[in-house]
Asker: 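My questions will all concern the structure given below.
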Amino acid sequence: MITLEHVTKTYKSDVVALRDVSIEIKKGEFVFLVGPSGSGKSTFLRLLLREDLPDTGRILVAGRDVARLSTWKVPYLRRNMGTVFQDFKLLPGKTVYENVAFALEVIGRPRHVIESQVPQILELVGLAEKSQRFDYELSGGEQQRVSIARAFVNRPLILLADEPTGNLDPATAEGIMRLLDRINRTGTTVVMATHDEGIVNTMRRRVVELDRGLVVRDQARGVYGLPA
Amino acid sequence: MAFKLDYFARETMVSLRRNLVMTLAGILTVAVSLFLFGGVVLLSRMVDHGTARWKEGVELEVFFVPTATQQQIDDVQQELKDSPNVKKFRFISKKEALDLFKRFFADQPELVEAVDPDTLPPSFRVVPKDPELTETIAVQFRGRPGVDEVLTAQEQVRRMLHAISWIRRLFFAISGVLLLSSFFLIVNTIRLATYARRREIQIMKLVGATNWFIRIPFMLEGLVQGAAGAGLAFGAVYVLQQILSDLVVRSEGVFRSFFITTGDAVGIGLWVLVIGGVVGVAGSAIGLRRFLDV
Ligand SMILES: Nc1ncnc2c1ncn2[C@@H]1O[C@H](COP(=O)(O)OP(=O)(O)OP(=O)(O)O)[C@@H](O)[C@H]1O
Ligand SMILES: [Mg+2]
């Protein structure tokens, strides 16, 4: 589903964010990206989304060569990927329903599709009763559920999450992780960057550790840090 | 598709309303600049019509100094009568000159009020047997006692055209500058609009909206501004044409030939609309440029 071959990414200020990263993520996998701040986790996700281009190396996502994709095809690449962020990125002044519907509306989905899919996904994330609430009427955990609903409403093949639990307390974070786990069980590939040791250690999924842009560990059913 | 149109219309309206003041500023500058442009083209059209007429019945006019005596005038008249080159001629008295002046500046009563009838010279308007003879006749009367100057129609036309071409250039320049500033206003309005909606745009890009889908509401916003301004200018050009036509109809002699038709105004108006639309769309395209790259 996702393949990186010798990917190197340098920012202008000659900061090397990723060094010669080669990795393969299969369909349906759940992968944690861990590593200290500045180790290149967000850069990794940005390259998959083609928000940035690698200096060298090849990136394949759902069979497409991301770096060589022509600009006009980028939106179609992104329709295969849902994205969730630490800061939710909801639209202020819109309801839960509108926030989720927006994602379908702007890719030109017809009204009847929107009207049937949005309630379904809100049911899945447990917000069916709160669909008419505004963002400011929701707790952080609920807002993150809305953003997951928005990321998943189009049934993407891949879900990318950059510290989705970073702003949440442990109990709420656990709820979010259960939701991501459920989405993963539908066959969706999930890649999640995180600093949350507890979560990584309880979930026991594949762990890829980055350090200053290098992959220093790739462990199936891994833990956050290697036992000292 | 109907659904998408719905979406674009709604988003465009929301954005226009959000930037109401900037939007109005954009519309007004487009309107003023295009009205100037349209007005100048309209006047040029009038001059074209008028000078086309002049070419046919070439005329020359013998002006007297304001202090010319009746004897001097009579002498010239006699000579015109006797000249084999002259087909016909007509005397324009001081009073008639004043009437013409009044009619020409009908909309500037203070100017009419201020003019001293004694400074408006009497003259003879002369039609030669053959246009070729115009210069010969002119030479004959130049320097006669009491004669101030002899203007041939061509000369008058040339002078007028010269003056008008400068006025025209000036107004084109002014309308160009205004049009440019309305263009920049639209660029800026669209930039502000995209800035106000940067979160939406960011999310649209993340969920895979195409660039065109993101751009269209902003392009429409620019188009609405350009077209609305142009529409106002169209109306103003039309009104100007009606007023000028009215003046021309009520005038006499040479000014009659400076007619303009409603067709002229509509033709110019359509150009104005096209230019307005192009300015609006181009302005928003530039305003959107920084969002084009993914
Ligand atoms: N747009 C950018 N321009 C220049 N340098 C950047 C840019 N984005 C990231 N970097 C640098 O690249 C390196 C990797 O950053 P990245 O955001 O990928 O780290 P991260 O692992 O996500 O960190 P964190 O855990 O704090 O989110 C850092 O040194 C960062 O300063
Ligand atoms: Mg990061």
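Keep in mind that this is a model prediction, so the values were computed, not measured. By convention in this document, chain letters (A, B, ...) are assigned in the order of the sequence lines, proteins followed by strands, and residues within each chain are numbered from 1.
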Asker: Counting neighbours of CZ on B:R199 that are heavy atoms of other residues, nucleotides or ligands and sit closer than 6.0 Å, is the number greater than 12?
Answerer: yes
Asker: So how far is it from B:M204 CE to A:E105 CD, rounded to the nearest 0.5 Å?
Answerer: 8.5 Å
Asker: Under 4.5 Å between any side-chain heavy atoms of B:I203 and A:L91, yes or no?
Answerer: yes
Asker: Using every non-hydrogen atom in the two residues, find where A:R78 and B:L206 come nearest and quote the distance to one decimal.
Answerer: CB-O, 3.8 Å
Asker: Heavy-atom count check: over 12 atoms from other residues, nucleotides or ligands less than 6.0 Å from A:E123 CD?
Answerer: no
Asker: Looking only at heavy atoms, which two atoms of A:I107 and B:A209 are closest? And how far apart?
Answerer: CG2-N, 3.8 Å
Asker: Heavy-atom distance under 4.5 Å to chain B: side chain of A:L77, backbone, both or neither?
Answerer: neither
Asker: Within the structure provided, determine whether B:Y7 and A:V106 are in side-chain contact (heavy-atom separation under 4.5 Å).
Answerer: yes
Asker: Apply side chain to side chain contact (heavy atoms under 4.5 Å, CB included) to B:K205 and A:V74, showing your working.
Answerer: CA-CA 9 Å; B:K205 287 186 168 180; A:V74 171; over 6 Å; no
Asker: Other residues, nucleotides and ligands only: do more than 12 of their heavy atoms fall within 6.0 Å of CZ on B:F172?
Answerer: yes
Asker: With rounding to the nearest 0.5 Å, note down the distance linking CH2 in A:W72 to CG in B:N211.
Answerer: 12.5 Å
